[in-house]
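Chain letters run A, B, ... following the sequence lines, proteins first, then strands; residues in each count from 1.
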Amino acid sequence: MKDKIRIASGQGFWGDLIEAPIYQVTKGEIDYLVMDYLAEVTMSILQKQKNKNPELGYAKDIPELMKRILPICKEKNIKIITNGGGVNPISCGKAVLKIAELLGIKGLKIGIVLGDDIREEIDEILTSGSELKNMETGESIVTVKDKLLSANVYFGAFPIVEALQNGADVVITGRTTDTGLTLAPMIYEFGWKSNEYDLLSAGTIAGHILECGAQSTGGNFLGDWESIPNFAEIGFPICEAFPNGEFIITKHESLGGKVTVETVSEQLLYEIGNPQEYITPDCVADFTSIKLKQSGENRVRIFGITGKPETEFYKVSCSYADGFSASGSLTYSWPKALTKAKVADQILRKRLELLNLSFDEIRSEFVGYNSCHGPLARELDEDLINEIQLRVSVRSYDYYSVERFGKEIAPLILTGPPSVTGFAGGRPKPNEVVAYWPALLPKKLVEPKVEMLEI
Amino acid sequence: MKIKLIDIAHGRSGDKGDAANVGIIAYDNNGFEIIQKYLTAEKVKRHFTGICFGEVERYELPNLKALNFILHNTLGGGGTVSLKLDAQGKTLAAALLRMEIEVS
């Protein structure tokens, strides 16, 4: 058994710094590179791509990235784990194999985790007694069944562990918890058992710290952010994990950013609910047990973590089509920029009313004044306001209304208040609104599957 | 005595469906005693009048010198349904740090 492994975060979401994983594998020693690509909205986008082309449906950045890192990872024996397989992990794996072939890499094993996509099995699940009730409203999924775009179970770390046990150099999954990507190599390397809940919780919390990339190393840090060095080359987090569940969060020395108790604490609080019940498929971790200590420059030691057994359910995330929205904006300059923007907003609303369009919501925001903090924004002497961007957004089940709204923005330039600019990029087009349906599914109703591809 | 929350704490916020989570972290133990005593769910709810339209849940994490607030019915439907510029509530931690606390 290894006495320490180094797990590096390479992406915090699909769209994160493209160079980050390259830095992680070249600027110092690591054993694992983990990359989270899937936000809830991503699954529905990927499903739409797969509907158009059955070969697609995964994070398309992956083959391009693999071209750059596979030779290095193969040489240094760095294993790669990612959930970027989206709704088509097999095709993603095949695309990576093709890259390996082009690069002349031999003896590469890719583990694919399947079985999370339950879109085709909803009827079967319904007949077996689970209604996939919405966790927030309690409604049965039957109400949106015909509008479903995607439906995926969140698997935990163990299917990835199975792939690693099968010798995988690269593991590509569909919907896996972000935390499972980091926990899996610890289970695999240290031989942790599925009932060692304190250890599983420690690995889960390490995963929570890594899952948003540089958000734990100084990115988006609301403390003394001006003290963060070299944002341009910010180092993504690295977890040095030990068999007893303790770990150290650090980063490559030559890169920017900062790892302190403060930067890590902010990430620990990100998007959590009840801190004593952080529920994953593997365990229920207790965030109130976490102890942090600055153990060196850019090194934070984390220990003392406890947790409880996992629940009997998987979380399921479904997405469904729920109408249309569009957003348009114009910018007004001094003098009286805010007043002009408010008058323009009233003119626009009057025109929409005269057209008898139907909207579920019309929202107007004054960017540069109160779009972020709403009623908490400070009143300003209008003479001090240099410019204001008016941003108006609408949502409706009626496509025509949303489309017509998009045609009513530009006319304000010649038919409303003066010193207005910033209408570029054409008329705002209606976007399909994708809504979410969080539900629970008894674990016994679905089985993860691991397949191996090899070259 | 009035204390500006931004002088004693930092934090981070994000989304959980239509709810926002706002984590507030004190810089030191003294600061944590103040937020633990004075930063109640009711005060946070009142602070976010016109932004948060639901319940406010409050959790303590003394080990992190932190409090975690869940603001229900806050993000205009959440996710991609929301028309808000800040649909994920990313700026709400900063919005809470605008608060001034009356300390006796």
Side-chain angles (χ1 to χ4, degrees), chain A residues 39-41 44 135-136 212 215 220-225 261-262 264-276 287-292 304 319 322-323 325-327 329 360-365 367 371-378 391-395 431-436 438, chain B residues 6 9-28 46-52 54 57-70 72-74 76-99:
Chain A
E40 280 179 330
V41 65
S44 59
M135 286 165 74
E136 281 155 21
C212 294
Q215 264 207 146
N220 192 24
F221 177 54
L222 187 50
D224 184 13
W225 66 269
V261 168
E262 279 84 17
V264 173
S265 293
E266 278 199 20
Q267 176 55 22
L268 281 171
L269 284 162
Y270 184 61
E271 289 183 349
I272 63 164
N274 178 347
Q276 289 185 294
F287 276 50
T288 66
S289 67
I290 304 168
K291 295 192 172 59
L292 297 95
S319 63
D322 198 30
S325 69
S327 193
S329 57
D360 295 302
E361 189 185 351
I362 304 175
R363 183 178 177 87
S364 310
E365 294 172 310
V367 182
S371 61
C372 292
H373 290 178
L376 290 166
R378 213 167 283 171
R391 177 182 188 267
V392 185
S393 313
V394 298
R395 189 178 64 238
N431 295 310
E432 190 170 54
V433 172
V434 176
Y436 293 97
Chain B
I6 196 164
H10 58 116
R12 178 165 294 172
S13 52
D15 64 321
K16 291 186 77 65
D18 192 25
N21 109 290
V22 180
I24 296 295
I25 307 163
Y27 285 112
D28 57 31
R46 210 178 316 134
H47 182 75
F48 283 113
T49 300
I51 296 174
C52 171
E57 287 178 74
R58 175 186 185 275
Y59 297 99
E60 295 188 358
L61 296 95
N63 55 325
L64 303 181
K65 299 191 289 283
L67 301 175
N68 186 36
F69 295 95
I70 311 295
H72 291 277
N73 195 357
T74 294
T80 54
V81 176
S82 175
L83 298 180
K84 294 183 102 161
L85 182 69
D86 187 13
Q88 281 94 28
K90 299 262 185 196
T91 67
L92 291 180
L96 184 50
L97 293 183
R98 286 175 176 272
M99 190 193 270

Atom group of [X] that falls short of 4.5 Å from chain B, counting heavy atoms:
X	result
A/Gln276	neither
A/Ser265	both
A/Arg395	both
A/Asp224	backbone
A/Val394	backbone
A/Glu365	side chain
A/Glu432	neither
A/Leu376	both
A/Tyr436	side chain
A/Ile272	both

For chain A, the option from [options] that forms the most heavy-atom pairs under 4.5 Å:
options	answer
B/Leu97, B/Asp18, B/Thr80	B/Thr80
B/Lys84, B/His47, B/Glu57, B/Lys16	B/Lys84
B/Gly77, B/Gly11, B/Gly23	B/Gly11
B/Asp86, B/Thr49, B/Ile24, B/Asp15	B/Asp15

Any side-chain to backbone donor/acceptor pair from [X] onto [Y]? Under 3.5 Å, distance only.
X	Y	answer
B/Asn68	A/Pro275	no
A/His373	B/Thr91	yes
B/Arg12	A/Asn220	yes
B/Asn63	A/Lys291	no
B/Asn21	A/Leu269	yes

Measuring from atom CD of A/Glu266 to atom CD1 of B/Ile25, what distance do you get when rounded to the nearest 0.5 angstrom?
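Taking CD in A/Glu266 and CD1 in B/Ile25, the distance rounds to 5.0 Å.
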
Leading residue by heavy atom contact count with chain B [cutoff under 4.5 Å; candidates A/Leu292, A/Val261, A/Val434, A/Val433]:
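Most pairs with chain B among the choices: A/Val434.
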
Please determine, among A/Pro438, A/Gly273, A/Cys372, A/Ser289, the option with the most heavy-atom pairs under 4.5 Å with chain B.
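Most heavy-atom pairs within the cutoff with chain B belong to A/Gly273.
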
For [X] and [Y], which heavy atoms make the closest approach, and how far apart are they?
X	Y	answer
B/Leu83	A/Glu361	CD1-O, 3.7 Å
A/Leu222	B/Ala94	CD2-N, 3.8 Å
A/Arg391	B/Leu85	NH1-N, 3.3 Å

Under 4.5 Å from any heavy atom of chain A, what part of B/Gln88 do you find: side chain, backbone, both or neither?
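For B/Gln88, neither part sits under 4.5 Å from chain A.
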
Under the side-chain hydrogen bond (donor to acceptor under 3.5 Å, both in side chains) test, residues paired with A/Asp322 that sit two or more places apart:
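side-chain hydrogen bond (donor to acceptor under 3.5 Å, both in side chains) list for A/Asp322, sorted by chain: A/Tyr397.
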
Do the side chains of A/Phe221 and B/His10 get nearer than 4.5 Å, heavy atoms only?
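In short, these two side chains touch, coming nearer than 4.5 Å.
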
